[in-house]
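Heads up, the thing below is written out as structure tokens.
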There are 4 protein chains.
Amino acid sequence: MPTGRPRDPQIDAAVLEATLAVLDEAGYGRLTIEEVARRAEATKPAIYRRWPTRQHLALAALAARLGDSPVPDTGCTLCDLGEGIGVFLAAFRRIRPGVLAALFADCAAVPELRDTFLATLFEPPRAAVGEMLERAVVRGDLRADVDRGLVLDMLSSLVHYRVLFGHAPLADDEVEAAVEALLSGVAVDYPRLVAHSRALTEAHDEAHHPAHHT
Amino acid sequence: MPTGRPRDPQIDAAVLEATLAVLDEAGYGRLTIEEVARRAEATKPAIYRRWPTRQHLALAALAARLGDSPVPDTGCTLCDLGEGIGVFLAAFRRIRPGVLAALFADCAAVPELRDTFLATLFEPPRAAVGEMLERAVVRGDLRADVDRGLVLDMLSSLVHYRVLFGHAPLADDEVEAAVEALLSGVAVDYPRLVAHSRALTEAHDEAHHPAHHT
Amino acid sequence: MPTGRPRDPQIDAAVLEATLAVLDEAGYGRLTIEEVARRAEATKPAIYRRWPTRQHLALAALAARLGDSPVPDTGCTLCDLGEGIGVFLAAFRRIRPGVLAALFADCAAVPELRDTFLATLFEPPRAAVGEMLERAVVRGDLRADVDRGLVLDMLSSLVHYRVLFGHAPLADDEVEAAVEALLSGVAVDYPRLVAHSRALTEAHDEAHHPAHHT
Amino acid sequence: MPTGRPRDPQIDAAVLEATLAVLDEAGYGRLTIEEVARRAEATKPAIYRRWPTRQHLALAALAARLGDSPVPDTGCTLCDLGEGIGVFLAAFRRIRPGVLAALFADCAAVPELRDTFLATLFEPPRAAVGEMLERAVVRGDLRADVDRGLVLDMLSSLVHYRVLFGHAPLADDEVEAAVEALLSGVAVDYPRLVAHSRALTEAHDEAHHPAHHT
DNA sequence: TGCTAAGCGAGACGGTACGTCCCGTCTTAAT
DNA sequence: ATTAAGACGGGACGTACCGTCTCGCTTAGCA
């Protein structure tokens, strides 16, 4: 039962918005409590009361932006993975390049911040892809004897590496290529998966562009 | 033809040393020109004259520490990769965790700094592993149709990811496992590579512990 | 008819006590509502409810300390004046040097506070000495044609000036010297007053130290 | 031999000017380094580098305003004293009431500040009047056996007391009255001084308003 | 060998942002 | 209805460090 004067929610919103604006325009290196306060027309103590450090503030602002991404479940392993990774990449692409890397570097040394960073920004896509892999195993698309953690790591590291350090953001066909390369090694019967995927895609295309059919 | 008073080389050395000391003790976030100047008993302008920014200074200091790592060439693909990655990991382990990530984050936005960072700290191991892969293809150990860039990326990302973000440094058996997992997918005949490796290893062991032989 | 929850009188006492403690230890400049609240284990609103400003609080606390000083009435003009002034000086000496000056400076601009300050801290001694002078005139010790206000001012200003700004507190012999200088001009028969005073003093001494008498 | 970058004198001037403006408009209690910095378009460190505390700053600003007051030397003791005191009062009247008292209260506890305050703001007029008294004695206008320090104290305290605490500023006729009261006791031949003064005044008036003469 | 000027060391500067103290006020729950 | 209590929105504090500027000295290369 919290007592005392309640916090003004408008300040929360204004500060988070201003934080995102600064991150977008100038990057994490230029993120300054003072500048955020100016933009949000708030005061520094009001910000410090809510987020004890710049890192907490940035984490909260980015988490608010990324929000919850839906996990696709089409029944098609290849589709799920491609689309799922695409969804997360799309989310990360909304963040100015370099911001995540700088923020992580600033958080890495403090366990609490590091955990928050990972749990907030990295774990959701990872969990989603992990879920997809699980379904794929249940479905019989993936070998049950494969270390799913390793597969997960390889996919995740690809995304994270590019997100954090990629010159250019990961292109869609690169994602496809990576997934294919990986699955061709770990899949029970990759050609069947490809066939399945093509069938679904054609059905989908036909549903949307029936005139193209002969 | 440089004229005027020559630069005092003792200052260069003292500043680099002090920079490494600060990086080791406090991390990149606490790396301050003022603090380096204090420790090196130099003045700030003397530092700024030599390295225009903190990033340049840190890059120079870390490059001086890492030095040149030799590229192993044993004729055994599996051994080369394992040992080579181990060499680079050993070099990176001499740098306080988080320093590289923070420095990179600080350099990423400026092409010149980014390139210097990559060329100085990341390219050498990458090039070395690339060379190993090339030799492996020539040797017939790797499929020629595989995108070596992709394989290189997957190995590099593993190292870099762990170096930059790993809680714990990458353990040797983890390296082995990753290489094995990767090669079992892209290798022409993985069992043969394993056999080759075993043969070499036993020869090596026998050379050192002949008494164990029946 | 006051309704609602009654005020806790312990808080009043604790706050005044804490205020005096802060004034004694740190001076008026360090007198902070927050610090007083901490010491008194009260809350700020509880203090603000009772005293609207720091000035009011300080005035109340000092008034409580000074309390009421008894006005001596020995029948001896010289004794009364010396002792009376001594009493007030003793009261002022219980206040850390500089506190009164700072408080006055803080009150001077607001008529209400200024008046309270004067009425609370400066008027009582002034009135007491005025009363003594009145009795002295009635008694025939002072010339009736003298402006008693002027005499009062000269004695008061002496005390106040020193209390507010004196490097050193006014010493007892200085008081005597001032009274003597003044009375020698306005007394009806100054030598007689001195004789009277001496007689009383000796009688008093004898009563307490009879053995010293030959 | 001071080395390093020289101080920008424009900042000194702007800050002192802004300080006086704040003191005039809002008083010492509202004197804030931050506000001064805003008005002077300077920064806080630039101010702190010059004046370590608000007290130092206020003292410097007031001293700059009061500047050096010329000591009149007309050969007429009465005129000198009246005009001299008038000059100092005029200077003090240029300072918002209460500012000096508050500043002094803030300085009193620190010997260095206290001494600076006295030496800067109170000693000059005192010294000037002392010089006048000296000339008056030489000229034979004042009794040589009078304690000039005492006379000086009486005049000074009159001014200082009123300046620091007076409700109303000291009026010109009050000054005249005080001087007259004092000189009638210590002058060698007071009526002669009055006559001398009147003669000079009339000559002066005539020179400026000849038409008024019959 | 002596002169001149470029480059150096040193120190202080103007300035941004920091994180904190204290202010005076507001809201809730209890008396 | 008024209190006690706690947290709030906010103004100002004094400091660390930034990157730069000005100085006087040192040292090479030219006369």
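Each chain gets a letter, A, B and so on, in the order the sequences are listed, and its residues count up from 1. Just so it is clear, the structure is predicted and the values come from calculations on it, not from any experiment.
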Problem - Value in whole Å for how far the P atom of E/dC23 lies from NE2 of C/His56 - result: 16 Å

Handout entry: Separation of C/Leu62 CG from C/Thr120 OG1 (nearest 0.5 Å)
Key = 9.5 Å

Completion exercise
Heavy-atom contacts, protein to nucleotides 14-19 of chain E, under 4.0 Å, summarised as B (base), S (sugar-phosphate only) or - (none) per nt, yield BBBBBB

Exercise for the section: Report yes or no: do A/Gln55 and A/Thr53 form a side-chain donor-acceptor pair below 3.5 Å? Expected result: yes

Practice task
Provide, to the nearest angstrom, the distance between the CD1 atom belonging to D/Ile47 and the C1' atom belonging to E/dC13.
Solution key: 15 Å

Practice task
Take the protein atom CZ of C/Arg39 and the nucleotide atom P of E/dC22, then report the distance between them rounded to whole Å.
Solution key: 12 Å

Handout entry: Atom CD of B/Glu35: over 12 foreign heavy atoms under 6.0 Å
Key = yes

Handout entry: Least distance between heavy atoms, C/Arg50 atom then C/Asp8 atom
Key = NH2-O, 3.1 Å

Handout entry: Geometric cation-pi criterion, C/Arg96 with C/Tyr28: 6.0 Å, 45°
Key = no

